[in-house]
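This is the structure I want to talk about, given as structure tokens.
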There are 2 protein chains.
Amino acid sequence: MKVKDVAREAGVAVGTVSRVLNDHPAVTRELRERVEKAMAHLGYEVDVTAQSMRAGRSRLVACAIRDFDIPRFALFIKEAEAVLREAGYTLLLASTTNRPDVEIALLRAFRRRRVDGVMMTLSDEQHLDVREALSEALMPVLLIDRDRIEALDRVTADHREGARLATSHLLDLGHRRIAMLVGDLNAFPSRSRLEGFRAAHAAAGIAPDPRLLRDDVLSSEDAYRATASLMSLAERPTALFVAAMDMLGGCLRALRTMGVAVGDGISVVAGSDSDLAELHTPPITAIAWDLAAMGRHAATMLLERMRGDEIERGRGLTVPTQLIIRGSSRPFAS
Amino acid sequence: MKVKDVAREAGVAVGTVSRVLNDHPAVTRELRERVEKAMAHLGYEVDVTAQSMRAGRSRLVACAIRDFDIPRFALFIKEAEAVLREAGYTLLLASTTNRPDVEIALLRAFRRRRVDGVMMTLSDEQHLDVREALSEALMPVLLIDRDRIEALDRVTADHREGARLATSHLLDLGHRRIAMLVGDLNAFPSRSRLEGFRAAHAAAGIAPDPRLLRDDVLSSEDAYRATASLMSLAERPTALFVAAMDMLGGCLRALRTMGVAVGDGISVVAGSDSDLAELHTPPITAIAWDLAAMGRHAATMLLERMRGDEIERGRGLTVPTQLIIRGSSRPFAS
DNA sequence: ACCCTTTGGTGAACCGGTTCATTGACTCCC
DNA sequence: GGGAGTCAATGAACCGGTTCACCAAAGGGT
């Protein structure tokens, strides 16, 4: 079942069938109808593989993120997929497990598949091998919540401002020993959160205690351990900013285990909002931003780039963050 | 940059290069090394599209689920992807939005892409057009948490037993007016949960009040509305079984809005476990099962089927469910 | 009546691999 | 010494579309 068969059935040339398939204008209505009837009659369906082969593009867009089971990322993917599907693209999914070697291997695999565009996170924007792989990618790449690679488009959230707001909020409440849990400082989100944290302290003329900073918190178990270790310090923090995404669960679990009451014993601010933050007792103050919008923008920007529109290189789009103040952050009573 | 170029550089025939690429045994070590050196020297990379074209298979596996932003499904996908990648396959992702027409369109799109295998959910296993599309799919299809299509492999969770346990638990506590929120009864999970719910009632010799059943609860907003409407009844339920996946948030939000205390005012059991259920005050009794294992099994079974192993049609694998009893389910005090 | 342009249609070449019938060289054994 | 058998290597054909140089017919202008 191929164009040849359809052509024979309709009594036309293969080129004409191809024209009909691709809505080429130079086909008379009569022939178009005959061809369409033949296709319907034979139950013909184009072979996208063959099309890709000739065209050199696959109508595939790859999305590689560090770990799917970050619930809120699903929103991003969902919206991106919807936009891409609308435009005739199919989404390829992979997880990098936040490892540079996997990121490089995936870029190569995508190129072998003639993927038309890629959106991805990076474990470390400065990693030389990754930067080299990106520059040899041959297809447009858009960074998800990463920056520092000037030539590439990116969609980010304003984590710096979110962290600054959260930290100022705690400082305003009188807290002076604020602990912070962040992820990998080699990547944009945690780096900017730390900047915001420091900026807020600087603005208040207060020096943060470096012993209260825990980075590399990448899983809920990490958050559990980090919280437990912080609460075992001789001089405990009075407030805890769980800035890494989706780490609130581990943190709350640790506080519960250690018998520390959220709100009274320690103020808590979450770096990303969730049902858990909203419905906890007390409800948890949290930073929120629109991941669905990020997904839509990412897909749209990548589509523009893939169309080859004449656009300046390295466009960046930043979605704002906001602080939702709830009952878990309370004035510090000495 | 193609096999031809590599062949010229190495001074061999294209067929030999292809043999090297595919680890064909009939190549002398000397030639293999010459070819490999030539490939490295030219920076050659195979074109997977061309391979697919000739081979008639794409090394792509599609996964279509009703909605990605069900956080727990991410676990399934993550594990499935890991298994498939290990085996040299790439995962294609799509969401069906739980609509039969989208399901059919996706199956067609997958076939056009020569996808090697599909794992998917269905909005309604009995839908005739979908069944026809499935039978014409030409590639192995595995159902995710769906049954009733005898010819297809499937991986399910034992929702019936989970719901039976949860309901018996509530009945044992003395509850007689148990409300239930489920999703689409045309699909396996909700159907089985309802069966389990009824089986538990039957075993206890109690007839459930049909006015306390709310089906088609598919979003957190649905759950909010359903809970609000249940709590507005003249004869309120004394227990609430939120059996649909990831609907607990909406339900708790409604109870909070209406000033009903979980545990005291109403006992609550969640159909799937989560950080929210575990860390809520009081913690919520919930049904748990291993979605990661489901993902692994799904990928493994599909791989076997794609290898064309001689296996009986329509294998089913069921992962067990368990009830985690927490503080939200309490004895009914009249 | 003649030439020029426009329009619709044709089919061979091409995309970049894999496959397989064929060839040539070498070994083995009677 | 010669026939059978084994093994590497070769390269043309093929997978199923799209493209484009080319052609025929129709239309337009003088």
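Please read these numbers as outputs of a predicted model, since none were measured by experiment. Naming: A, B, ... by sequence-line order, numbering from 1 per chain.
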Side chain of B:Met53, heavy atoms from C-beta onward: which of D:dG17, D:dG16, C:dG17 has the nearest atom to it? D:dG16

Regarding D:dA8, can its base be found pairing with the side chain of B:Arg19 as donor and acceptor, where the two atoms are less than 3.5 Å apart? no

Indicate whether the side chain of A:Arg66 and that of A:Thr97 have a donor and an acceptor atom separated by less than 3.5 Å. no

For atom NE2 of B:His24 and atom C1' of D:dC7, their distance in whole Å: 11 Å

Donor-acceptor pair between A:Gln126 and A:Arg131 side chains, under 3.5 angstrom: yes

Of the options D:dC15, D:dG16, D:dA12, whose atoms approach the side-chain atoms of A:Arg54 most closely? D:dG16

side-chain contact (heavy atoms from CB on, under 4.5 Å) partner of B:Phe110, chosen from B:Val118, B:Asp116, B:Leu138: B:Val118

From CD of B:Gln51 over to C1' of C:dT19, roughly how many Å is that when rounded to an integer? 13 Å

Base, sugar-phosphate or nothing for B:Val48? Non-hydrogen atoms, less than 4.0 Å. nothing

For A:Tyr44 and D:dG17, what is the distance between atoms OH and C1' respectively, to the nearest whole Å? 7 Å

Taking any heavy-atom pair under 4.0 Å as a contact, classify B:Val27: base, sugar-phosphate, or nothing. sugar-phosphate

Between B:Val14 and B:Arg114, just flag the one whose closest nucleotide in DNA chain D comes earlier from the 5' side. B:Val14

Within 45° cone of A:Tyr89 ring axis and under 6.0 Å: A:Arg59 NZ or CZ: yes

How is B:Val12 classified with respect to the nucleic acid when contacts are heavy atoms under 4.0 Å: base, sugar-phosphate, or nothing? sugar-phosphate

Quick one about A:Thr49 and B:Ser52 (side-chain donor to acceptor, distance below 3.5 Å, no hydrogens or angles considered), yes or no? no

Separation of C:dT10 C1' from A:Arg34 CZ (nearest whole Å): 14 Å

It should be established whether B:Thr28 places a side-chain nitrogen or oxygen under 4.0 Å from OP1 or OP2 of nucleotide D:dA9. yes

Separation of D:dG16 atom C1' from A:Arg8 atom CZ, nearest Å, is 14 Å

Presence of A:Lys4 side-chain N/O under 4.0 Å of D:dG17 phosphate oxygens OP1/OP2: no

Report yes if a side-chain nitrogen or oxygen of A:Thr16 is closer than 4.0 Å to either non-bridging phosphate oxygen (OP1 or OP2) of C:dT10; otherwise report no. yes

From CE of B:Met1 across to C1' of C:dC15 the rounded distance in Å is 16 Å

Between C:dG17 atom P and B:Leu21 atom CG, what is the distance in whole Å? 8 Å

Side chain of A:Asn22 only, please: which of D:dA8, C:dT19, D:dT18 is the nearest? D:dT18

Between P on D:dG16 and CD on A:Glu45, what's the gap in Å once rounded to a whole number? 14 Å

